[in-house]
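Below is one structure, written out as structure tokens; comments come after it.
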Amino acid sequence: MVRALRDPDRFLQESLDELHERHPLLAWTWSLLHLDFTGLFVGGIFLELSFTVSLLPRDWFYQGFIAGINAVIGYGVGAFVKWLITDVLVRGHPVLSRPSLARWLTHLRLLILAVNLAGVTVMVLVSRRWQADIRALMGMPAEGGYWFLLIPVIAFATSALLISLFRVLRDLARYLAREADRYLRVPPGAARVLGGAVVVLLLLFVVDGLGMRGFEFTADYLASTQNNATRAGVHQPMEPERSGSPGSYAAWSGLGSEGRDFVAGGLRAAQLKRFTTAPVMEPVRVYVGLENAPTVAQRRQIMLRELQRTGALDRKYLVVIPTTGSGWVNPTAARALELMYNGDVALVAAQYSYLPSWISFVTDGELSLEAGKRLIDTVRTAVDARPPAKRPKLLVMGESLGTRAGEGAFSSLADIRSKVDGVVWIGPPAANPIHSAVTQRRDPGTPEALPTYADGLVVRFTDGVKPLTGPGSGAGRLWLHPHIVYVQHASDPVVWWSPSLLLREPDWLREPAGRDRSRAMSWYPFVTFWQVSADLANAAGVPDGHGHNYGTAVVDAFAAVMPPPGWTAADTERVRVAVMASMALDGPEK
């Protein structure tokens, strides 16, 4: 014990040498978990910062997992800084061999351990209060029990696993370097570079090659299996106004799971009569799935024929809905449109993938842009072929990745205004080109979370609560037709996630917090990026009106963009109530 306290580095090395001689495998296993104190110190800071407030609440297990990942990032930063200083800048300096330095380092290491333990304890306790505050903002009950005390255990296990994995790769590089030095007579320095390069190339091959291909193949297989399934209670529609019905050019079997949900769901004319005293019509729902035809051109022809067959072009309103990656259409938004327009509306959508949105975005982000352009251009072609007096009002609505698909059909706001009669974008990702351009060029002094652009002359923003017109809208009285609306929550990670969060503080975190974002949230390099990335996995796991759940905000948006003649605020509330009352018709929303 005395020798260990006097010179811990030497004592540890002697102990490891002895262990290596007797039990080499055990010694190697221990080396995977032996921690560098500089890395431990910085990793502890990152671990503590991971408990800071993010956009959405988390349960204890998920928080521990994210904390562990943050700790590994910090550990890597600390270990790199130590290597840079001791092995590169001051390597071989006489001060490093002084006995007094070893004793000083012993005290410093003990202090580091104590500070880290105290810091983590404090942050775990404080974060519990922060999590309760976020839940209160979103109308959620506070998390009960004492499970949160296990967060450090989950974080440590996650960190140990990841650090061990990285060290296995490091030891593989060292082994290859020794073999290169032994058999190829490569100088030691060059051998280390060669060993590291081989491991990096091998890792890239496994992850980017076999790993990504295997991931895509597995995801494609699972998604295609899901695409062929039909949810319980979903039955083929018999109304000729719907794709998939008998006589439809888009066969029921080829619509895909989301397409079958869409055409089978919603309100029929008889059900619409329960919510209004005005005359109603049978709503039209047109959908073309990936399996309705093998090529894009053939699916386009099916779409054109379905528009004619169903009478979609004879309705007063025609709403094009670019879908998310899997072909999903928000059933709440679809019902709201049918209720608002008393069935005198055609909803048109098409499937371009059956992968979940985030996988589709990662594997082929341009696919959604191309698909959205094809869909909107196809419908516009059909509308423009009719006499001007007989053309329906052409509207566009998209949610999440569907907004990115929709924006792909236009080059600018001016292009939107020249082609359609109104647009509602819900929960747009930060990568959307038009949304990003408008946000960056917003009027000075207006917040990024809910900006004002050109005094609201063309496009306006709301969080579902902020009015789009009149007092409180933050915009001028003049709003040129056609109207364009973006709906986005301050707490939606889909809207705010961006790689730039790694190294740059965004404006939305410098500004006063939005309606449902905690005022305690701050920006930290690297940490905030991973915090918001982690929120993406739970973006829809919160109540309506928060995160990526937009509830009935579409009602207010379309009431501002294209209200029926004589529309009043009372009508908006009537439709909102009717949308909620008819929720059970479509089953689970997501």
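Just so you know, these numbers use all the heavy atoms, side chains as well, and skip hydrogens, waters and symmetry mates.
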Under 3.5 Å donor-acceptor, [X] side chain and [Y] backbone:
{"X": "E407", "Y": "P428", "answer": "no"}
{"X": "S159", "Y": "G68", "answer": "yes"}
{"X": "D492", "Y": "V494", "answer": "yes"}
{"X": "E448", "Y": "W508", "answer": "yes"}
{"X": "S54", "Y": "L56", "answer": "no"}
{"X": "N549", "Y": "A540", "answer": "yes"}
{"X": "R510", "Y": "E505", "answer": "yes"}
{"X": "W523", "Y": "L501", "answer": "yes"}
{"X": "R404", "Y": "A431", "answer": "yes"}
{"X": "W496", "Y": "A490", "answer": "yes"}

So, taking the atom named [atom1] in [X] and the one named [atom2] in [Y], what distance separates them when rounded to the nearest 0.5 Å?
{"X": "T528", "Y": "L49", "atom1": "OG1", "atom2": "CG", "answer": "8.5 Å"}
{"X": "R515", "Y": "M138", "atom1": "CZ", "atom2": "CE", "answer": "9.0 Å"}
{"X": "L502", "Y": "F526", "atom1": "CG", "atom2": "CZ", "answer": "6.5 Å"}
{"X": "R517", "Y": "S491", "atom1": "CZ", "atom2": "OG", "answer": "10.0 Å"}
{"X": "I151", "Y": "I66", "atom1": "CD1", "atom2": "CD1", "answer": "11.5 Å"}
{"X": "W530", "Y": "S50", "atom1": "CH2", "atom2": "OG", "answer": "13.5 Å"}

Could you check if a side-chain atom of [X] sits within less than 4.5 angstrom of a side-chain atom of [Y], using non-hydrogen atoms only?
{"X": "M521", "Y": "L509", "answer": "yes"}
{"X": "Q63", "Y": "I154", "answer": "no"}
{"X": "R231", "Y": "S257", "answer": "no"}
{"X": "V495", "Y": "H548", "answer": "no"}
{"X": "I426", "Y": "S400", "answer": "no"}
{"X": "Y486", "Y": "T403", "answer": "no"}
{"X": "V542", "Y": "M140", "answer": "yes"}
{"X": "W328", "Y": "E399", "answer": "yes"}

Would you call the rings of H489 and Y550 parallel, tilted or perpendicular, taking 30° and 60° as the class edges?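 The arrangement is parallel - the two ring planes meet at less than 30°.
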Charged N to carboxylate O below 4.0 Å: is that the case for D535 and R58?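 Salt bridge present between D535 and R58.
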Ring pair (Phe, Tyr, Trp, His ring centres under 6.0 Å) partners of residues 40-64, not counting sequence neighbours, each pair once: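 Every pair satisfying ring pair (Phe, Tyr, Trp, His ring centres under 6.0 Å) with a residue in residues 40-64: W60-W147.
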Let's go through H546 and L137 carefully: what are the C-alpha distance in whole Å and the side-chain angles of both, what is the deciding distance for side chain to side chain contact (heavy atoms under 4.5 Å, CB included) to 0.1 Å, and is it a yes or a no? CA-CA 9 Å; H546 307 283; L137 280 174; 5.9 Å; no
Does the side chain to side chain contact (heavy atoms under 4.5 Å, CB included) test come out yes or no for L450 and D463, once each step is laid out? CA-CA 7 Å; L450 283 176; D463 58 357; 3.8 Å; yes
Please determine, by modelled atom types, if T552 and R576 share a side-chain donor-acceptor pair under 3.5 angstrom.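 Judged by distance alone, the side chains do pair up.
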Is it true that the side chains of S518 and W130 contain a donor and an acceptor less than 3.5 Å apart?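 No, no side-chain donor-acceptor contact under 3.5 Å.
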What's the shortest heavy-atom distance between [X] and [Y], and which atoms?
{"X": "A155", "Y": "L47", "value": "CB-CD1, 3.9 Å"}
{"X": "T158", "Y": "G64", "value": "OG1-O, 4.4 Å"}
{"X": "I134", "Y": "L55", "value": "CG2-O, 4.1 Å"}

Is there a side chain to side chain contact (heavy atoms under 4.5 Å, CB included) between E258 and V329? Walk through the geometry before answering. CA-CA 7 Å; E258 298 293 355; V329 176; over 6 Å; no
With sequence neighbours left out, write down each residue that passes side chain to side chain contact (heavy atoms under 4.5 Å, CB included) with T462, or none if nothing qualifies.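 Scan of T462 (side chain to side chain contact (heavy atoms under 4.5 Å, CB included), adjacent residues dropped) gives K466, L468, V485, V487.
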Only pairs at least two apart or in different chains count here, so list each side chain to side chain donor-acceptor pair (under 3.5 Å) that has a residue in residues 434-444.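 The answer is H435-Q488, R442-D507.
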